[in-house]
Protein chains: 2
Amino acid sequence: MIELYELEQLLAFAQYGTLSKAAEEMNLSQPSLTRTMQHIEDEFRVSLFLRSKNRIELNENGKLAVDYTKKVFDDMKDMVEQVRAHDRRRRTITVASYAPAPLWDIPRIFSDYYPEMTVSTEIKNLEQIRLGLKEGIYQFAFLPEMLDSPDYISFPAMKEHLYFAFAPDHALAQEKELYFKDADGFNFLLRSDIGFWDLLCRKKMPASRFLIQTEDIVFTELIKSTSLPCFTSDLVTERAGIDNRISIPILDDEATQTYYLTYKKEYQKIFLPAIEQIKKAEIMK
Amino acid sequence: MIELYELEQLLAFAQYGTLSKAAEEMNLSQPSLTRTMQHIEDEFRVSLFLRSKNRIELNENGKLAVDYTKKVFDDMKDMVEQVRAHDRRRRTITVASYAPAPLWDIPRIFSDYYPEMTVSTEIKNLEQIRLGLKEGIYQFAFLPEMLDSPDYISFPAMKEHLYFAFAPDHALAQEKELYFKDADGFNFLLRSDIGFWDLLCRKKMPASRFLIQTEDIVFTELIKSTSLPCFTSDLVTERAGIDNRISIPILDDEATQTYYLTYKKEYQKIFLPAIEQIKKAEIMK
DNA sequence: ATGCCTTACGTTATACGTAATTATT
DNA sequence: AATAATTACGTATAACGTAAGGCAT
């Protein structure tokens, strides 16, 4: 049988033109290359080289063999890459959501039960999430509704209510409750990576401008030092209240989101403990 | 690096289910297989097996690796096959013709000049011949006309005249010359593998029946012992006359064929001596 | 008890290197 | 003289086998 280490030498010869140069590049002796080329020829049982007394080159057969050899090595490379990628996927749980709040506790919960696995979370739009679920890129996802398919399991895992957060001296700070349209025209500070909420605000308040802050520290600092309005939610307040702001509930239907945890049935058994933990959390009030 | 002999053992294990069985089938010891599987895993740097104390099986990674391994071996097999096929083509001259006569001397002529090469001749229809010339399946071909293309060389190499060969007591035996239609309705003995002539006779003499003889000896014997008419040609007569038959020339245009030797320009230099020999033969009267 | 996998250790095959030879530029 | 390929021979790596141990059915 021809071995790959031999074909590797053949490729080096094809690349460098002489056995000497190829041997040097591979840190081998010239005689080694000579022998290997002879052995490959023996195995093919056809001549692959044109030999003069101190010159050797590929003939037509040899060139063809080199082409195929490249293909074989490409396949080998593919194989290792794909198997490694598959292994990575096997030991990574990826959870997607269209809003940030449902993901806050996810890494901790999964890591508790499966310490050997990597937990990865992503905020994406709904279209991407549904596709990713189907293609197995995401094992779990939070969606705004039940996914009605026999292949999936889906249950309400969390509810979030959005609030305006005004400085005490803001014109609307004394209201009991408001609709989006009531604040349309005011400019707001907004965190980046809040997924769906970003789109919703822009849609509901087309006259407002939203000042996006990528850095969390910068956002917090601006809240303290300016009177610019921003948003908050019951879930945000639970974790860390916002100083010097008055929260006013938003009455629009869309300001209340229910997050449905959704996953393929095949994961029910494997990840049962973590799923139970999410259910038990009962952030569903 | 992973070597093919290792992947071969992996395939055997995938096929036979246990290392012991695989080792037996490959005439190796079980420990050898154990070591190889460990080495493959080392090289992949991911786990490929599910190990219990006295049981080993492929996990998902392993199954994927086996799939890719099959592909690699398919490619290896392809490579050897294709290179060998290419080599065979390289050392075989294949000459095609739409009639048998031009091929009679071809093997001798080419073998004289290129004793290391195999000469193969084929009788095919014109469509197949033109395609085969283009695709390089045939290096040379005899065609009924010049091939007008800058990539090819073409010259008239031979001329053949077809004759009726009647028994002396046949109704038409005393004619000086005839057209096909004059003999339409009589039944003829015919050799198989005469290419174009077969089609021509059937077209020109639709009322006749043709009794095909595959065996040359049978044909000759039937000619001697029956008075059934057959065909001959000037080229046939040159080689071996037919006893007890009277040859009568056929006047239809198609009964005279000029055979044009045709080949790609790239062969002009390589095969010059043989080509010159064919030209010199001057069977063009 | 038998079958299967693994580890440890000794043996053998073979891939590699060194040195010498021949030929070409 | 320098460069290249090949041949011959010695060396070292590593692939293999044998023997022994542990676990499961």
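From a predicted model like this one, the values you see are computed outputs, not experimental measurements. We name chains A, B, ... by the order of the sequence lines, and we start the count at 1 in each one.
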A:Tyr114 and A:Phe271 aromatic ring geometry - parallel, tilted or perpendicular at 30°/60° bounds: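 A:Phe271 vs A:Tyr114 ring planes: perpendicular.
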
Aromatic ring pairing A:Phe140/A:Tyr263, orientation class (parallel under 30°, perpendicular over 60°, tilted between):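 A:Phe140 vs A:Tyr263 ring planes: tilted.
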
With a non-hydrogen cut-off below 4.0 angstrom, is [X] in contact with a base, only sugar-phosphate, or nothing?
X	answer
A:Arg35	base
A:Gln9	sugar-phosphate
B:Leu33	nothing

Would you please confirm or rule out a distance under 4.0 Å between OP1 or OP2 of [N] and any side-chain N or O of [X]?
X	N	answer
B:Arg51	C:dT6	yes
A:Ser20	D:dA5	yes
A:Gln38	D:dT7	yes
B:Thr34	C:dT6	yes

Which listed nucleotide ([options]) is nearest to the side chain of [X]?
X	options	result
B:Pro31	D:dT6, D:dC16, D:dT18	D:dT18
A:Lys53	D:dC23, D:dC16, C:dA23	C:dA23
A:Thr18	C:dC16, D:dA24, D:dA4	D:dA4

Roughly how many Å is it from [atom1] in [X] to [atom2] in [N], rounded to a whole number?
X	N	atom1	atom2	value
B:Met37	D:dA15	CE	C1'	13 Å
A:Ile56	C:dA23	CD1	P	17 Å
A:Tyr16	D:dA4	OH	P	15 Å
A:Leu4	D:dA15	CG	P	13 Å
A:Asn54	C:dT24	CG	P	6 Å
B:Gln30	C:dC5	CD	P	7 Å
B:Asp42	C:dT6	CG	C1'	15 Å
B:Glu57	C:dC5	CD	C1'	13 Å

Residue whose nearest DNA chain C nucleotide is more 5′ - A:Ser29 or B:Lys21: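 Its nearest nucleotide being more 5', the pick is B:Lys21.
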
Side-chain ion pair, [X] and [Y], N-O less than 4.0 Å:
X	Y	result
A:Arg130	A:Glu145	yes
B:Arg90	B:Asp87	yes
B:Glu135	B:Arg89	no

